[in-house]
Each structure stands twice: as structure tokens, then as C-alpha cells.
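Report on the following structure.
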Amino acid sequence: MQSVERIFDELGHFSRFQACVYFAAVFQSVSCGIHYLASVFLSETPNFICYVAENITSFTLANYSGNGLDHMWNVWIPEKGYVLVNTKEGHQWELSKCSRSLRINSSHSDYEFSGNKSDFLCSDGYIYDNTDIHKSIVMDWDLVCDNEWLAKLTQPTFMLGVLIGALIFGDVADRVGRRPMLIFTSVCQYVLGICVAFSFNYYIFIVLRFLLAMVCSGYLVVVFVYVTEFTGIKVRTWTSMHVHAAFAVGVMIVALIGYLVRTWWIYQIILTVTTLPFLLVCWKLPETPFYLLAKGKYKSAQDLVKWIEKTNGMKKNFDVLELIQPHKECLLEKNLKNDIDSKIYRKLSILDLFSSWEIATKTITVWLVWFIGSLGYYVISLGSVNLGGSKYINLFIAGAVELPSYIVACLAMDKLGRRNTLAPSLILSGVACGLITVVPQTSETLVIVLSMTGKFAIAIAFGLIYLYTCELYPTVIRSLAVGSGSMMCRIGSVVAPFCVYLSSVWTFLPQVIVGVLAFVIGVLTLFLPETLGKPMTNTIEEATEQWSKKTDRKKETTQNSLVEKIEIVPLES
């Protein structure tokens with residue numbers, strides 16, 4: 001299907017028609033970014049203490065006393081004690097986060113008490129601080145203490161849905177077409193997004209979010225293929241990279257809406273409605289010329305070409321059969337070869353990514369890059385709310401720093417090369433995240449700057465690895481390489497929320513883990529071959545030979561330099 005590229009030579013690589021289709025399709029990617037990071041504020045846990053089903057008349061907290069508990073949250077530190085409350089019934093309760101104690105025969109209201117107490121569980125529920133968060137799923141369904149793990153499970157289960165959705169919808173799009181899947185996943189995103197807001201219990205919420213994750217992931221997988229098949233090779237690097245930019249805009253919208261709306265179900269509805277305009281135009285999106293010709297739908301392809309010509313203001317009357325006819329005379333000669341090749345293709349499996357030492361070492365390195373790219377991206381994004389300062393501003397910056405990173409990536413990839421951009425970006429991310437450990441925790445601004453530098457660098461690597469993997473592997477295992485790499489990427493996204501939860505041990509532990517892994521993997525990446533300006537190989541033998549030649553040239557250069565050094569040493573008389 002390489003000859004299909006001639007369409008863009010004739011009709012423009014990114015003319016008016018392609019631009020309209022591109023921006024319409026990419027607009028919905030904003031919705032994916034929104035739903036991927038929405039749980040940052042959906043499942044927030046505010047300060048809380050046990051509730052007692054009695055009328056509270058006053059409270060005492062260390063040296064502070066008052067009448068209403070609403071004034072208590074500014075001075076209460078959960079790790080340093082309890083809240084003593086007096087009730088209208090004449091009881092005195094010591095209220096902590098996950099337990100409460102009733103003082104027995106207490107005749108005074110001193111904060112310190114050495115008498116007898118009866119301990120109880122928080123069976124009456126909890127009192128939450130709604131100063132900053134009016135309503136979250138944690139507050140509605142009491143996902144604290146023994147049920148805290150349920151709140152922490154919301155993001156991992158979403159990412160598991162992302163993994164499964166990528167596996168399912170990518171294959172379905174190859175069978176039924178890109179356009180139907182874009183429409184189906186978009187409609188499902190909207191419907192499921194609204195349904196999530198009206199979940200009446202936690203388990204319905206989790207199931208709906210899981211399904212939402214599947215269709216969001218499905219849309220992202222298909223839209224990458226869609227925009228690639230609708231733009232010419234001259235702009236394909238830029239157009240494919242900047243699908244990520246739309247995702248980053250979604251992250252920024254999450255921060256903005258989270259700041260303005262503090263009730264989770266209203267927040268969820270507004271986030272979902274922001275992408276409603278796409279549903280009004282998605283039914284007008286055409287199928288890609290690559291897919292139509294691959295399925296033999298020449299009339300539909302010809303109608304599409306006429307549509308493109310009319311929109312772009314051209315009168316070329318380009319005939320799509322010209323893309324097929326030049327190869328007709330070769331079909332009979334290639335039938336036998338194609339039969340043999342098809343048998344070879346059917347025999348190929350993921351084990352062929354380890355068929356030789358050269359391929360195996362590169363596969364492991366590439367997989368690690370996919371893994372750390374996804375892990376670092378989500379750890380820094382999700383963990384940005386724990387860095388101090390305003391969590392809303394932190395998340396907004398985490399999305400904003402991605403926009404220039406993709407511009408830098410595109411420029412560097414074409415100037416410096418793929419490997420020479422990937423390795424430094426990973427090393428820079430590792431160094432930036434590692435430096436957080438030596439910065440005083442009181443320097444919140446510097447910590448945020450270092451964390452966002454790490455996000456900027458990891459975003460470059462995360463966006464670059466898609467194209468680099470395609471160029472690195474031969475045609476016969478290229479899909480396997482990208483597919484398996486994408487699988488490692490999804491595993492990284494599933495692991496990321498658990499890594500973020502380690503901030504309860506130490507605030508910066510997630511960033512340190514990402515920093516160490518990014519630095520080590522960045523060094524390993526230096527041993528990968530450069531692909532800039534190199535022809536893409538077709539067979540494993542070609543790829544192995546190309547990599548071996550590179551190694552042999554290095555050895556030859558080293559040997560020659562040694563010979564030169566020996567020759568210039570003066571002989572002693």
C-alpha cells in the first residue's frame with residue numbers, strides 16, 4: 001500500500017481537507033486526557049474524624065476550644081492527637097480518624113485524661129472537612145479507614161480498562177474500519193461519562209469507569225492510526241506527535257474544572273460535556289483512503305478523492321485506479337512469493353523479538369523505554385497534587401509543560417536523531433527527579449520546577465518511542481514490536497497509581513523511583529542504533545546485518561585508532 005502515499009503528493013500532505021479532519025479527530029483526544037486524570041479530584045480524601053450520633057455542644061483540641069467543628073479543621077493535625085467533644089447528652093468522646101473512645105465517669109473537660117475509656121469503631125460514619133472539597137466519592141461512600149483501599153483502586157482499575165481497550169479496539173478497527181470505531185468510542189465516552197456522574201454506589205462507579213477507560217483507550221489507539229493515514233509523510237511526525245498535545249490539554253482542563261467545581265458528580269458532568277461538540281461533527285468524518293483501498297472499496301475511495309479535491313480547491317480529477325494499475329502486471333509473478341511470505345508471517349510470534357542476541361537486547365531496552373515512559377508520565381501527573389502548593393496549579397502545569405515538549409521532540413528528532421533525542425531526555429528526567437531528594441522540602445517552588453522538568457523530558461521520550469520503534473524493527477515483526485511495546489506501556493500505566501500511593505511513606509518516593517529507572521534506561525538507550533535517515537528494513541536478517549555492520553564499524557574504528565597510536569610512538573634507540 002506504499003503507492004497510496006501518492007494521493008498526498010497529488011492532493012496535498014496537509015491541505016484544507018486534511019486539516020479539518022485532523023483537528024476534528026484530535027479534538028476528541030482532549031476527552032481522553034480528561035477521563036484519564038479525572039480521578040485525581042474524583043477520589044480526593046479530605047480530613048475526617050469519626051462521627052457520633054449525638055448533639056455536639058463543644059470541642060477541645062490541645063489548647064484550642066470552640067463550639068462548632070467547622071472551625072476545628074484549621075488547627076487539627078491528624079497525626080498528633082484526637083478531638084475531645086462534649087455532647088448534649090453529657091458524654092465526652094475522643095474522636096480520631098478511624099476510632100473513637102467514650103470517657104467513663106469523667107467529671108472534667110481536660111484534654112488529657114488518664115481514666116477508663118471504652119473504644120468503639122466508627123459505625124456511625126465520619127465527619128469530613130468540606131472546606132476545600134464539598135463532595136467526593138470518598139465522602140459519599142465513606143471510602144476511608146478499612147475501605148481506603150477501595151478509593152485507591154479507582155485509578156488502577158481504570159488503567160486496567162485502558163489496557164484491555166487497547167487490545168480490543170485496535171483489532172476491531174482493522175476489521176470494521178477507523179471511522180465506525182471513532183464514532184462508536186466517542187458516543188460511548190459521552191454516554192458513560194454522564195452515567196458515571198449518576199452512579200448510586202461504588203461498584204457501579206468502578207464498572208462504569210472501567211468501561212469508560214476501554215472506549216477512551218480505544219479512541220486513542222484508533223485516532224493515531226486515523227490521523228497517520230490522513231496526512232502525508234512530510235507532516236506525519238508532527239501530526240502524530242501532537243495527538244499527545246490534545247491529551248495534555250485535557251489534563252489542563254481537569255485542573256481548571258477541578259478548581260472551579262468541588263462536587264464530584266457536577267465536576268464529572270462538566271468534564272464530559274466539554275467534548276459534546278465532537279458528537280455533532282463526528283458522523284461527517286470520512287474513512288481513510290488507506291483502509292478503503294486495502295478493502296477494495298475503489299468507488300468509495302474515488303468519492304473521497306473527489307471530496308478532497310473539491311475542499312482543497314483542486315481540479316486534478318485524480319483516479320485512484322492509478323494507484324493499483326502500475327502493479328497489476330507484477331501480481332502473477334509475486335503470487336508464489338506472497339504465498340511463501342504469508343506462511344512466514346503466520347509463523348512469526350513474539351518469540352521472534354528474541355530470535356538473536358542483537359534483537360533480544362534491543363527488544364528489552366525498547367520495552368523498558370515504553371514502560372518508563374508511561375510510568376513516569378502518570379506518576380508525575382498523578383503525583384503533582386502531592387508536591388505542595390496549589391494542587392490545581394501543579395496539575396495544570398503538569399499538562400502545560402507537555403505542549404512545548406512535543407515541539408522540541410519533533411525538532412530534535414529531525415536534527416539530532418531518534419536515539420540522540422530519546423537517551424538525553426530520559427537521563428534529564430532521571431536527574432531532575434533525583435535532585436528532588438537533595439532539595440529542602442520547604443522549597444516547594446524548586447521541588448515543583450524539578451518535577452515538571454522531569455515531566456517535560458519524559459513526555460519527549462513517551463511521544464518519540466512510537467515512531468522510533470516502527471523504524472527500529474523490520475517489517476515482518478514491526479507490528480509485534482509496537483504491539484508488545486504498547487503492552488509494556490499499559491503495564492506501566494497500571495503500576496503508576498500504586499507507585500503514587502508510596503507518597504504516604506515519603507512524599508517524593510514516587511519521583512525518586514521514576515528518576516532512578518529513567519536514568520538507568522536512558523543510559524541503556526545509548527546502545528540502540530540510530531534510525532534517522534536510514535532505510536527501514538524488511539526482514540530480521542536485514543535488521544541483524546544492519547546492526548552488525550554498525551558494531552563492526554565501531555570495532556574497526558577502535559582498531560584503527562589503536563594502530564595509529566602505536567605507529568606514532570617513537571622507537572627508543
Side-chain angles (χ1 to χ4, degrees), residues 27-48 51 70 73 125-144 147-148 150-155 157-158 161 186-216 219 246-280 381-382 384-386 390-400 497:
F27 178 80
Q28 184 65 7
S29 299
V30 174
S31 179
C32 299
I34 284 173
H35 293 303
Y36 271 51
L37 274 297
S39 66
V40 171
F41 301 125
L42 280 174
S43 57
E44 278 191 288
T45 302
N47 289 326
F48 65 94
Y51 174 73
D70 291 341
W73 302 110
Y126 303 87
I127 302 172
Y128 295 97
D129 175 14
N130 59 6
T131 305
D132 189 41
I133 307 167
H134 298 163
K135 280 287 184 180
S136 71
I137 64 168
V138 171
M139 300 166 71
D140 275 2
W141 301 318
D142 288 336
L143 305 181
V144 293
N147 291 327
E148 182 182 7
L150 293 174
K152 291 185 174 181
L153 204 61
T154 55
Q155 189 65 19
T157 52
F158 185 91
S186 299
V187 172
C188 287
Q189 277 187 58
Y190 184 78
V191 173
L192 289 170
I194 296 296
C195 290
V196 166
F198 294 97
S199 304
F200 53 85
N201 66 41
Y202 170 81
Y203 299 101
I204 296 295
F205 174 86
I206 285 294
V207 170
L208 290 174
R209 285 264 299 168
F210 180 84
L211 297 174
L212 178 60
M214 289 180 60
V215 294
C216 285
Y219 186 89
F247 188 95
V249 171
V251 176
M252 297 163 66
I253 291 175
V254 167
L256 178 62
I257 302 301
Y259 175 76
L260 297 174
V261 181
R262 308 295 177 90
T263 301
W264 77 267
W265 61 272
I266 300 176
Y267 159 84
Q268 175 68 27
I269 290 175
I270 294 175
L271 287 178
T272 303
V273 169
T274 54
T275 56
L276 178 60
F278 179 77
L279 296 183
L280 304 177
S381 296
L382 295 169
S384 61
V385 297
N386 301 322
S390 172
K391 55 192 174 185
Y392 305 104
I393 294 177
N394 291 351
L395 184 61
F396 186 88
I397 296 173

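Predicted model, so just to flag it, every value in this text is computed and none were measured. Start at 1 with the first residue, then count along the sequence.
The minimum heavy-atom distance between T154 and S43, with the atom names listed, is OG1-OG, 3.6 Å. Heavy atoms only, all atoms of each residue included: S31 and Q189 are closest at OG-OE1, 2.8 Å. Residues C32 and C216 come closest through the heavy atom pair SG-O, 3.5 Å. What you find for L208 and S199 is that their closest heavy atoms are CD1-OG, 3.6 Å. Nearest heavy atoms, A151 versus Y202: N-OH, 4.5 Å. In terms of heavy-atom proximity, L192 sits nearest to L212 at CD1-N, 3.7 Å.
The line from CD1 of I133 to CG of N47 is 8.5 Å long, rounded to the nearest 0.5 Å. A distance of 4.5 Å separates OG1 of T275 from CD of Q28, quoted to the nearest 0.5 Å. Taking CD1 from I397 and OG from S381, the interatomic distance works out to 12.5 Å, rounded to the nearest 0.5 Å. Interatomic distance, CG of L37 versus CE of M252, reported as 12.5 Å (0.5 Å rounding). To the nearest 0.5 angstrom, I137 atom CD1 is 11.5 Å from N201 atom CG. Summarising the geometry, atom CD1 belonging to I34 is positioned 4.5 Å from atom CD1 belonging to I253; distances are rounded to the nearest 0.5 Å.
Side chains of P46 and N130 form no contact here, defined as non-hydrogen atoms less than 4.5 Å apart. Here the side chains of I270 and I266 are in contact, with some heavy-atom distance below 4.5 Å. Using a 4.5 Å heavy-atom cutoff, the side chains of H35 and T272 are in contact. With contacts defined as side-chain heavy-atom distances shorter than 4.5 Å, the pair Y190/V273 qualifies.
Among residues at least two apart or in separate chains, there is no salt bridge (Lys or Arg N to Asp or Glu O under 4.0 Å) pair with a member in residues 192-209.
The backbone N or O of S384 sits less than 3.5 Å from a side-chain atom of N394, completing a donor-acceptor pair. Without hydrogens or angle criteria, S136 side chain to E44 main chain gives a donor-acceptor distance under 3.5 Å. Checked by atom type and distance alone, the side chain of N147 never pairs as donor or acceptor with a backbone atom of L150 at under 3.5 Å.
Judged by distance alone, the side chains of Y128 and D140 never bring a donor and an acceptor atom under 3.5 Å apart.
A ring-centre distance under 6.0 Å is found for F41 and Y392.
Within a 6.0 Å radius of OH in Y267, more than 12 heavy atoms belonging to other residues, nucleotides or ligands are found. Shown here is Y259, whose OH atom has no more than 12 heavy atoms of other residues, nucleotides or ligands within 6.0 Å. Heavy atoms from other residues, nucleotides or ligands lying under 6.0 Å from CG of L256 number more than 12.
For D129, the salt bridge (Lys or Arg N to Asp or Glu O under 4.0 Å) test picks out no residue, with sequence neighbours left out. Residues satisfying the side-chain hydrogen bond (donor to acceptor under 3.5 Å, both in side chains) criterion with D132, sequence neighbours excluded, are R262, K391. Take Y126 and apply the ring-ring contact (aromatic ring centres under 6.0 Å, His included) test, not counting sequence neighbours, and it matches F48. Contacts of F158 classified as ring-ring contact (aromatic ring centres under 6.0 Å, His included), with partners at least two apart in sequence or in another chain: Y36. Residues that satisfy the ring-ring contact (aromatic ring centres under 6.0 Å, His included) test with W141, not counting sequence neighbours, are F205, W264.
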